[in-house]
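Below is one structure, written out as structure tokens, with a few remarks after it.
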Amino acid sequence: MRIVALTEETKKDILENLLKRSPNQYGKFEAAVAEIVGAVKEKGDEALFGYTEKFDHAKLTADTVQVTEAEIEEAYGLVDEKLVEVIRKALVNIRGYHERQKQNSWFHTTEKGTLLGQKVTPMARVGVYVPGGKAVYPSSVLMNILPARVAGVSEIIMATPCNASGKVNPAVLVSAREAGVDRIYKAGGAQAIAALAFGTESIPKVDKIVGPGNIYVALAKKAVYGNVSIDSIAGPSEITVLADASANAHYVAADLLSQAEHDEMASAILVTTSRAFGEAVSAEIDAYLEKLSRREIIEKSLDNFGYILVAASREEAIAAVNAIAPEHLEIVMENPFEVMTKIRNAGAIFLGEYSCEPLGDYFAGPNHVLPTNGTAKFFSPLSVDDFVKKSSVIYYSREALEEIHEDIEQFAACEQLTAHANAIAVRFEGKES
């Protein structure tokens, strides 16, 4: 793994290289996605089933596109009972974490006859997209459905690709049922996103679409945004480890590789204050590669987007992390809690050598749907907030409005909005100034 001295120039070059992974660079696919989205919007099921046959080699109809109770029962028989137990344990942790995020409506009154507040309302129907290509992620099913369920969404529907035989991965089906999904449809790719966004004869329109996917799914979500809400346009996975010489090189190397194995575009970066430690981690990575099953993918990831950055000081290392704004950040330094207070930009922060990134992926409770490609500077992890709407509430009595009506009229006059001013003034016609 390449070792680079951290300077302003190398930091700039690395950030530019990482941005090449952004979904905003996928322009060459936009025309194909636009064609798919437009066809599904116009032709509904006909286009949806046509693309499903073309891309997934499955022939579906209005009678077979929805997963049945019998198929879900069959899935339970195909999944190891121990895995079902693990799913249920993880579910408890994830639900418990997200229940602490719930917000209630609030109202504030005064003796002058005013009431101000905020009404929190769950969305009526949301769509969860679950990919089914190179890998299967039942953990993502839990992470996307549970916060919606906790938020109180009335109906949660899921779309996920099936195989040529019309079957959906059984672990995905079990996770969805355990998390509380209402309906599951056999639809994948850009065509599934379009079906959720606009509705077809078989699939209802939703208010929001969440969930990861490939380039086509990401661009389809971007294309339908505005017709529905979306969670984000997620890029490839990434990890940054901030470590000093007190860290365990064997552990750190393993953690970097845990993200590099996702795909060739994944990023794994070590920022350290010790070159000797960086060299030790590089040697550990070489040793791991001899025995890991996804070696080819990992090597391409590290060759393209893997770095060991050696900083001159802890402050310089922290500044580099904030510039990268990583999806996952591990802090393995002396007094990691104190270092954490200086981190401004990160999707999820893992503290200490036993809080490794896969703990967050599967089990701890916080959501693993996180901002990528530097968007942690302004985006947050998926949460209960993503599945509610907030309405402002305003009430003034006549007496309360009378006290300030001239102030409002003056504001409106300043902006030359005479109808605004008039709407206030008519309520006090004939009143002496």
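These figures come from a predicted structure and were not determined experimentally.
Contact check for Ser202 versus Phe49: side-chain heavy atoms found under the 4.5 Å cut-off. Between Asn373 and Pro236 the shortest side-chain heavy-atom distance falls below 4.5 Å. In this structure the side chain of Tyr129 reaches within 4.5 angstrom of the side chain of Pro161, judged on heavy atoms. Using a 4.5 Å cut-off on side-chain heavy atoms (C-beta onward), Ile318 and Leu242 make contact. Looking at Val33 and Lys222, their side chains never come closer than 4.5 Å, going by heavy atoms from C-beta outward. In this structure, the side chains of Thr110 and His108 come closer than 4.5 Å at one or more pairs of heavy atoms. Considering only heavy atoms from C-beta on, Val130 stays 4.5 Å or farther from Tyr137 through its side chain. Between Leu196 and Tyr185, the closest side-chain pair of non-hydrogen atoms is not below 4.5 Å.
Counting non-hydrogen atoms of neighbouring residues, nucleotides and ligands closer than 6.0 angstrom, the CD atom of Gln416 reaches no more than 12 such neighbours. Summarising the local packing, CZ of Phe107 is surrounded by more than 12 heavy atoms from other residues, nucleotides or ligands at distances under 6.0 Å. Counting heavy atoms of neighbouring residues, nucleotides and ligands inside a 6.0 Å radius, atom NE2 of His420 does not exceed 12 of them. More than 12 heavy atoms of other residues, nucleotides or ligands lie within 6.0 Å of CZ in Arg398, so this atom counts as buried by the packing criterion. Within 6.0 Å of OH on Tyr396 lie no more than 12 heavy atoms contributed by other residues, nucleotides or ligands. Summarising the local packing, CZ of Phe411 is surrounded by 12 or fewer heavy atoms from other residues, nucleotides or ligands at distances under 6.0 Å. No more than 12 heavy-atom neighbours from other residues, nucleotides or ligands sit within 6.0 angstrom of CZ on Phe337.
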Practice problem: Just do the salt bridge (Lys or Arg N to Asp or Glu O under 4.0 Å) check on Glu69 and Arg177 with the steps written out, would you? | Solution: CA-CA 10 Å; Glu69 282 296 317; Arg177 170 51 59 85; 2.6 Å; yes
Self-check item: Worked verdict on Leu173 versus Glu74 for side chain to side chain contact (heavy atoms under 4.5 Å, CB included)
Solution: CA-CA 10 Å; Leu173 292 182; Glu74 179 187 24; over 6 Å; no
Exercise. With side chain to side chain contact (heavy atoms under 4.5 Å, CB included) as the test, would you mind laying out the steps for Ile233 and Thr375 before giving the verdict?
Key: CA-CA 10 Å; Ile233 309 294; Thr375 60; over 6 Å; no
Practice problem: I would like to know whether Phe428 and Leu401 meet side chain to side chain contact (heavy atoms under 4.5 Å, CB included); could you show each step before the answer? | Solution: CA-CA 10 Å; Phe428 302 98; Leu401 183 61; 3.9 Å; yes
Quiz item: Please walk me through it: do Asp385 and Gln101 pass side chain to side chain contact (heavy atoms under 4.5 Å, CB included)?
Solution: CA-CA 8 Å; Asp385 273 355; Gln101 298 175 344; over 6 Å; no
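Heavy atoms only, all atoms of each residue included: Phe198 and Asn227 are closest at CE2-CG, 3.5 Å. Scanning both residues, Ala151 and Val388, for their nearest heavy atoms gives CB-CG1, 3.9 Å. Minimum interatomic distance between Ile424 and Glu409 (heavy atoms only, all atoms of both residues): CG2-OE2, 3.5 Å. Closest of all the heavy-atom pairs between Ala39 and Ala47 is O-CB, 3.5 Å. Looking at every heavy atom in both residues, Asp386 comes nearest to Met123 through O-CE, 3.5 Å. Scanning both residues, Ser105 and Val120, for their nearest heavy atoms gives OG-N, 2.8 Å.
Note that NZ of Lys377 is 9.5 Å distant from CD1 of Ile324, once rounded to the nearest 0.5 Å. In this structure, CD1 on Ile269 lies 12.0 Å from CD on Gln259, to the nearest 0.5 angstrom. To the nearest 0.5 Å, atoms CZ (Phe379) and OG1 (Thr372) are separated by 9.5 Å. Here OG1 of Thr68 is found 10.0 Å from CD1 of Ile184. Values are rounded to the nearest 0.5 Å. Expressed to the nearest 0.5 Å, how far CD of Glu357 lies from OH of Tyr362 amounts to 8.5 Å. Rounded to the nearest 0.5 angstrom, Ile230 CD1 and Ile193 CD1 are separated by 9.0 Å.
The existence of a salt bridge linking Lys112 and Glu402 is excluded, since no basic side-chain nitrogen approaches an acidic carboxylate oxygen closer than 4.0 Å. A salt bridge links Glu8 and Lys11; the closest N-O separation between the charged side-chain nitrogens and carboxylate oxygens is under 4.0 Å. A salt bridge links Lys221 and Asp231; the closest N-O separation between the charged side-chain nitrogens and carboxylate oxygens is under 4.0 Å.
Side-chain atoms of Thr64 do not come within 3.5 Å of backbone N or O of Leu60 as any donor-acceptor pair. Side chain of Tyr76 to main chain of Glu81: no donor-acceptor pair is present (N/O by atom type, distance under 3.5 Å, no hydrogens or angles). Side chain of Asn322 to main chain of Asn345: a donor-acceptor pair is present (N/O by atom type, distance under 3.5 Å, no hydrogens or angles). Between the side chain of Ser301 and the backbone N or O of Ala266 there is at least one donor-acceptor pair closer than 3.5 Å. In terms of modelled atom types and a separation under 3.5 Å, the side chain of Arg149 and the main chain of Val153 share a donor-acceptor contact. Remark: the backbone N or O of Ala58 is not paired with any side-chain donor or acceptor of Thr52 at under 3.5 angstrom. At least one donor-acceptor pair under 3.5 Å links the side chain of Asp207 to the backbone N or O of Arg125. Distance alone, capped at 3.5 Å, places no donor-acceptor pair between the Arg95 side chain and the Val150 backbone. Distance alone, capped at 3.5 Å, places no donor-acceptor pair between the Asp45 side chain and the Thr200 backbone. Side chain of Asn144 to backbone of Ser140: a donor-acceptor contact under 3.5 angstrom is found.
Using cut-offs of 30° and 60° for the angle between ring planes, the Phe350 and His328 rings count as tilted.
A donor atom on one side chain and an acceptor atom on the other are not found under 3.5 Å apart for Asp244 and Thr273. In the model, Thr121 has a side-chain atom that pairs as donor or acceptor with a side-chain atom of Lys119 under 3.5 Å. Side-chain atoms of Asn304 and Glu264 form no donor-acceptor pair, as typed in the model, at a separation below 3.5 Å.
The stretch residues 316-341 participates, sequence neighbours left out, in these salt bridge (charged side-chain N to carboxylate O under 4.0 Å, His left out) pairs: Arg314-Glu338, Glu338-Lys342.
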